[in-house]
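A short write-up of the structure that comes next.
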Amino acid sequence: QAQLVESGGGLVQAGGSLRLSCVASGRTFNEQAMGWFRQAPGKEREFVAGTDWSGNSVYYAAFVMGRFTISRDNDKNMVYLQMNSLKPEDTAVYYCAGSKSRVIVVEPYEYDYWGQGTQVTVPS
């Protein structure tokens, strides 16, 4: 069965960096778009960044533009989220998600399998 496992979260001071990783299994990785979402306490899950099946096309939410970078390694079945210049408002559980679409999609319902999430905390 398809599975995603995230890692790399933690506590980092404002202005710092973290790199999240997600390893996929159980599905042909290089045929699917991948995305990162986040969910803060009391808020809905929101799209952060997405990549198409190849990694050549990426898309970001406006609030992370210029600070976060999504990438993928299809040989390793991995997708990454490099997060720089972190802010307290970036505090959330971050989820990796996979879609049956080959092109970038941004709505949670367009992704059909999810990781368990990794906590990112940026104290104010």
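Below, all heavy atoms of this structure are taken into account, side chains as well, without hydrogens, waters or symmetry copies.
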Under a 4.5 Å side-chain heavy-atom rule over Ile, Leu, Val, Met, Phe, Trp and Tyr, are [X] and [Y] clustered together?
X: Val58; Y: Val48; value: yes
X: Tyr95; Y: Val105; value: yes
X: Tyr59; Y: Tyr109; value: no
X: Val106; Y: Trp114; value: yes
X: Ile104; Y: Leu20; value: no

### Query
Listed by chain and number, what are the ring pair (Phe, Tyr, Trp, His ring centres under 6.0 Å) partners of Tyr94, not counting sequence neighbours?
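So Tyr94 forms no ring pair (Phe, Tyr, Trp, His ring centres under 6.0 Å) with any residue.
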
Nearest 0.5 Å, please: how far is [atom2] in [Y] from [atom1] in [X]?
X: Gln13; Y: Ser124; atom1: CD; atom2: OG; answer: 10.0 Å
X: Cys22; Y: Met34; atom1: SG; atom2: CE; answer: 4.5 Å
X: Thr51; Y: Gln32; atom1: OG1; atom2: CD; answer: 11.0 Å
X: Tyr113; Y: Cys96; atom1: OH; atom2: SG; answer: 7.5 Å
X: Asn74; Y: Ser54; atom1: CG; atom2: OG; answer: 7.5 Å
X: Arg72; Y: Met78; atom1: CZ; atom2: CE; answer: 12.0 Å

- Using the side chain to side chain contact (heavy atoms under 4.5 Å, CB included) rule, take Asp52 and Arg102 through it: C-alpha gap first, then chi angles, then the decisive distance, then the call. CA-CA 6 Å; Asp52 73 344; Arg102 291 169 65 89; over 6 Å; no

Original post:
Which heavy-atom pair separates Ser99 from Asp112 by the least distance, and what is that distance?
Top reply: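 Minimum heavy-atom contact is CA-OD1, 3.6 Å.
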
(message) Minimum heavy-atom separation for Gly117 and Glu6, please, with both atom names.
(response)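 Looking at all heavy atoms of both residues, the shortest contact is N-OE1, 2.9 Å.
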
Self-check item: Sole residue of Phe37, Tyr60, Tyr111 in ring-ring contact (aromatic ring centres under 6.0 Å, His included) with Phe47
Solution: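 Result: among Phe37, Tyr60, Tyr111, Phe37 is the only option passing the ring-ring contact (aromatic ring centres under 6.0 Å, His included) with Phe47.
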
Step by step, would you call Thr91 with Gln119 a side chain to side chain contact (heavy atoms under 4.5 Å, CB included)? CA-CA 8 Å; Thr91 295; Gln119 177 70 46; 4.0 Å; yes

Tabulate below the donor-acceptor pairs under 3.5 Å that side-chain atoms of residues 79-90 make, not counting sequence neighbours, or state none.
| residue | atom | partner | partner atom | Å |
| --- | --- | --- | --- | --- |
| Gln82 | NE2 | Asn84 | OD1 | 2.9 |
| Asn84 | OD1 | Ser17 | OG | 2.9 |
| Asp90 | OD1 | Arg38 | NH1 | 2.9 |
| Asp90 | OD1 | Arg67 | NH2 | 3.0 |
| Asp90 | OD2 | Arg67 | NH1 | 2.7 |
| Asp90 | OD2 | Arg67 | NH2 | 3.4 |
| Asp90 | OD2 | Lys87 | N | 2.8 |

Which residues pass the side-chain hydrogen bond (donor to acceptor under 3.5 Å, both in side chains) test with Asn30, not counting sequence neighbours?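 For Asn30, no residue satisfies side-chain hydrogen bond (donor to acceptor under 3.5 Å, both in side chains) once neighbours in sequence are set aside.
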
Practice item. Applying side chain to side chain contact (heavy atoms under 4.5 Å, CB included), run through Val103 and Ser57 and close with a yes or a no. Key: CA-CA 8 Å; Val103 300; Ser57 180; over 6 Å; no

Fill in: Near-ring test Phe68/Trp36, centroid separation under 6.0 angstrom
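Ring centres of Phe68 and Trp36 not closer than 6.0 Å.
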
